[in-house]
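Labels below follow one simple rule: chain letters A, B, ... track the order of the sequence lines, proteins then strands, and each chain is numbered from 1. Below, each value reflects all heavy atoms present in this structure, side chains not excepted, and no hydrogens, waters or symmetry copies.
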2 protein chains.
Amino acid sequence: MLTEKFLLGRGREDLSAQEKQILEDSVAEVRSLPPRHRLVRAGQPVQTSTLLLEGFICRYMDDRDGLRQLVAVHIPGDFVDLHAFPMKRLDHDVATLGPVKVATFDHATLKTITERHPHLTQRLWFSTLLDAAMHREWIFRMGRLGAEGRVAHLFCEIYARLAMVGLAKDGCYTLPMTQPDLAEACGITGVHVNRVLRLLRERKLVTFRANTVEIMDPAGLASVGEFNPDYLYGTSATPAGAFA
Amino acid sequence: MLTEKFLLGRGREDLSAQEKQILEDSVAEVRSLPPRHRLVRAGQPVQTSTLLLEGFICRYMDDRDGLRQLVAVHIPGDFVDLHAFPMKRLDHDVATLGPVKVATFDHATLKTITERHPHLTQRLWFSTLLDAAMHREWIFRMGRLGAEGRVAHLFCEIYARLAMVGLAKDGCYTLPMTQPDLAEACGITGVHVNRVLRLLRERKLVTFRANTVEIMDPAGLASVGEFNPDYLYGTSATPAGAFA
DNA sequence: CGAGAATTTGACTCGGTTCAAACGGTGTGG
DNA sequence: CCACACCGTTTGAACCGAGTCAAATTCTCG
């Protein structure tokens, strides 16, 4: 089932079998895309939205000098640009990190869902609000944490989210990001990311090599990143609590 | 009409007279609240949502040391915690800045709306996505701008939003925030906010005194803050374009 | 009028940037 | 199959923006 990871660990159980089927039947197209491929450009009108099936996607904005600020990292099960449905256009770019597989939904189809299935609609709405909750946490990260904390927090967040959809365990996961990418996500320099990674490694908290994150001390890392997974709205059965 | 400012300048025209009436009739209660009053505490279950009628409200999160990071500032017409309706609980606190007047909506009533009025529901959804768009811009502000730019950007954003609902003109508006408040919104120190304000004043860009913002050079301020109002999704008739 | 908060300014410190250079993978074309 | 080019990674040294600490001044409100 293509949409099996959607809201997994966040109340997907709350969807009836019929609703799950409606979602599944609403997929217009499944596509594979190469790394570093831009799906949507800021400002353009959009008629479809994208559910991420495999791989990683990011959203970002450019500053005056063309430097990027990531505003979101997406993992399988995320409805990456569902907000384009009510908004019609986006205020940021959307691009793949590594290679991905995505499912596309036509906005016309989504409109039908909103007209006929209020409860499913509310769950779709909820999924966009999860993104907003993560945005807020990113604001917190940039505003209150130093460089070390920011990187630690990001590693914790992605681990917790991947664990919820069964793509991470024992503190290990694949993350197709470079050090400059991390820098763009954390609002610091690529050079400084490197120094921070060395520190975190030396303190036996986490290592990041060859696109692989290995969290050696979850509690310690969560402490450095002041990470509390409540904002991810996982259900009680969800492994996000590993950090609690 | 209590709800007259809701989505004003953001496609409120798109609502039918009937829909506007439904919204108006859904108000459960109107209340006045004193400055610095906390409406919602993070984590608590919530059964109502709040439309801000008059005054200013902020949302914030605490770090380990109890220091606050503002994640949103709300102005009249904003449905401050509508996201609590699908989410059931919030990941942050909500508090007034100055004195406010608010309208309260029961979630049971909102549920009825989502079951019977898909189009109105979509506009409610849209309003929560506007908040998410502002969150993203805040991430950008914290990640890519220096202290000066952050303060400049914030002043620009609030001006553009107030102008859309008719509460600011000629670059002037009232903002019941202290310098420490600004600091909490911008991720810098209160002391440094003071220095930045002096700089901006000396450069004849903007002054902030006695809860009053006076933008003397809109274009210059927008340039320092790398401010582009597109993310506010104003309509073409909207004064937000004053900064474009 | 007095208390407590907010504003303002100065001096010193420090985290993170900038600039620079070396080193390591990896894919491509000759 | 190797050479080269292009990234990404790593490290060092100098610099600077913002934080910290401290104290004086002004404002606000009971």
Does the ring center of A/Phe105 lie less than 6.0 Å from the ring center of A/Phe79? yes
Can you confirm if the aromatic rings of A/Tyr231 and A/Phe140 lie within a centre distance of less than 6.0 Å? no
Can you list, in residue-number order, the parts of [range] that come under 4.0 Å of DNA chain C, counting heavy atoms only?
range	result
residues 192-207 of chain B	B/Asn194, B/Arg195, B/Arg198
residues 174-184 of chain A	none
residues 138-154 of chain A	A/Gly146, A/Ala147

Axis bend over the full length of the helix from C/dC1-D/dG30 to C/dG30-D/dC1, computed from five pairs that close each end, to 10 degrees: 40°
Do A/Asp181 and A/Thr178 have side-chain atoms, one donor and one acceptor, less than 3.5 Å apart?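 Yes, because at least one side-chain N or O of A/Asp181 sits under 3.5 Å from a partner of the opposite role on A/Thr178.
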Mind checking whether [X] and [Y] have side chains closer than 4.5 Å, heavy atoms only?
X	Y	value
A/Leu145	A/Phe227	no
A/Arg10	A/Leu232	yes
B/Trp138	B/Glu157	yes
B/Ile139	A/His92	no

Determine whether a donor-acceptor pair (N or O, by modelled atom type, separation under 3.5 Å) exists between the side chain of [X] and the backbone of [Y].
X	Y	answer
A/Tyr233	B/Asp91	yes
B/Arg89	B/Ala42	no
A/Tyr173	A/Val213	no
A/Asn211	A/Thr174	no

Polar-atom pairs under 3.5 Å, protein N or O versus N or O of nucleotides 26-30 of chain D: list them with distances, or write none.
none

SB check B/Asp217 B/Lys204 (cutoff 4.0 Å):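 Looking at B/Asp217 and B/Lys204, the cut-off is not met.
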Before accepting this row, confirm whether a basic side-chain N of the pair B/Arg59/B/Asp131 lies closer than 4.0 Å to the acidic partner's carboxylate O. yes
Which heavy-atom pair separates A/Leu154 from A/Cys186 by the least distance, and what is that distance?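 What the structure gives for the nearest pair is CD2-SG, 4.1 Å.
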Sorted by chain and residue number, the side chain to side chain contact (heavy atoms under 4.5 Å, CB included) partners of A/Thr189 (sequence neighbours excluded) come out as A/Val191, A/His192
